[in-house]
Amino acid sequence: MLNRQPLRVVIAAPRGFCAGVDRAIQIVELALERFGAPVYVRHEIVHNRFVVERLRDLGAVFVDELDEVPDDRPVVFSAHGVPKSVPAAAQDRSLTYVDATCPLVSKVHRQAQRLIEEGRHILFIGHSGHPEVIGTFGQVPEGSMTLVETVENVADIDIADEVNLAFLTQTTLSVDDTAAIVSALKSRFPSIRAPRSEDICYATSNRQAAVKAIAAECDRMLVIGAPNSSNSLRLAEVAERLGVPARLIERAADIDWEWLGQPETVGITAGASAPEVLVREVVDALRTRFDVTEEEAGHSPERMIFKLPRELVSDRAA
Ligand code: SF4
C-alpha cells in the first residue's frame with residue numbers, strides 16, 4: 001500500500017457526452033415524465049450500456065423494430081437517425097413518436113435529399129451496418145447512394161454519370177481517414193460536389209484533437225466507450241496511430257491490468273456517448289493500484305446545445 005508506484009493520469013478534454021447524446025437522453029427522460037412508463041425506444045438511444053440500463057430502470061423498453069411497440073405506447077427513435085420508412089410506419093399505425101435523431105445527423109439527411117433533388121448520385125463515406133449509415137441511406141431512393149468505406153474503395157466505384165456526383169459523410173468518422181478518402185474522391189472525380197460544411201460533427205473532431213493533444217505525454221491510453229460506438233473506436237485508433245497503445249473499455253472492470261503494466265503516464269478519454277461517472281470510476285480504479293496524480297488537459301469549452309422537441313417542452317415553457 002505504502003509503496004504504490006506514482007502514476008500521472010492525464011484526462012483529455014473535451015471528452016464524453018456531446019450535445020446530441022445529452023439531448024437524446026433528455027428526450028427519453030421527458031417522454032417518461034410526459035407519458036409515464038413504459039416508453040419504447042427503437043434501438044439503443046445512444047451506444048452506451050450504462051446509459052441504456054439507467055433508462056431501462058426508469059421505465060424505457062428498448063426494442064429492435066417498430067412492430068415490437070404496442071399501439072398504445074409512445075416510441076422514441078435513437079440519436080443515430082432512422083430511415084424515412086420508420087416514422088412513416090409509425091404514422092400508419094397512429095403511434096405517438098418522438099424523434100431523438102441528433103440535429104447534426106438530420107442536417108446530413110436534408111443535404112442528401114437536396115442532392116438527390118438536384119439529380120446527383122451521392123458517394124457516402126461511412127461504416128457499413130452502422131445505424132447512422134442505415135438511417136441516411138433510408139432518406140433517398142434505393143441505388144442513389146453508394147457507400148465508400150476506404151481509400152481503396154474509391155478506385156472500384158462504378159458510376160455511369162461521373163459528372164453529377166456529390167459526397168457526404170457519417171458524422172462520427174476519423175478526421176484523418178476521411179480527409180484521405182475525400183482527397184482520393186476529388187482526384188478521381190474532379191467535379192464532385194463537397195458538402196457546404198463538414199459533416200463530421202464538432203464533438204467527434206474535438207475529441208480526436210484532444211487525444212492528439214495529450215498522446216505524446218502518455219504511455220497508455222484508456223478510451224471509455226462501447227465497442228459499437230463509432231466515435232469511441234476512432235479515439236482508440238487515433239491514439240494507436242500516434243504510437244500510444246490504447247484500449248477501448250466500457251467501464252473500470254474492463255481494465256486489463258497486465259496490459260496496462262507500470263506506466264508513468266496514462267491518458268483517459270471518453271466517447272461522445274460515455275457519461276463522466278465512468279471516467280471517475282476508471283480514475284478511482286487506478287487509485288486502488290497507483291499513487292495517482294490527476295490532471296485535465298486545457299481546452300476551450302464546447303457550447304453546443306440543441307433544442308428539445310417542442311412536444312416535450314411546451315408545458316415547461318408555458
Ligand atoms: S457524436 Fe456528433 S452527430 Fe453524434 S450525437 Fe453527438 S453531436 Fe450528434
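By convention here, the first residue in the shown sequence is residue 1. Hydrogens, waters and symmetry mates play no part in the numbers below; they use all other heavy atoms, side chains included. Each ligand, and each atom within it, is numbered from 1 in the order the structure gives. Bear in mind that the values here come from a model prediction, so they are computed numbers and not experimental data.
Proximity of the aromatic rings of F124 and F167 is defined here by a centroid distance below 6.0 angstrom, and this criterion is not met. Proximity of the aromatic rings of H43 and H80 is defined here by a centroid distance below 6.0 angstrom, and this criterion is not met.
The contact set between ligand 1 and T171, taken as ligand atoms under 4.0 Å from a residue heavy atom, comprises 3 (S). Taking a cut-off of under 4.0 Å to the non-hydrogen atoms of C201, the atoms of ligand 1 that pass are 1 (S), 2 (Fe), 3 (S), 7 (S).
When the options C102, A272, S230, S229 are ranked by their closest heavy atom to atom 5 (S) of ligand 1, first place goes to C102.
Only the side chain of C18 comes within 4.0 Å of ligand 1, judged by heavy-atom distances.
Residues N164 and D161 bring a donor and an acceptor atom of their side chains to less than 3.5 Å of each other. Side-chain contact of K107 with S197: a donor-acceptor pair under 3.5 Å is present, judged by distance alone.
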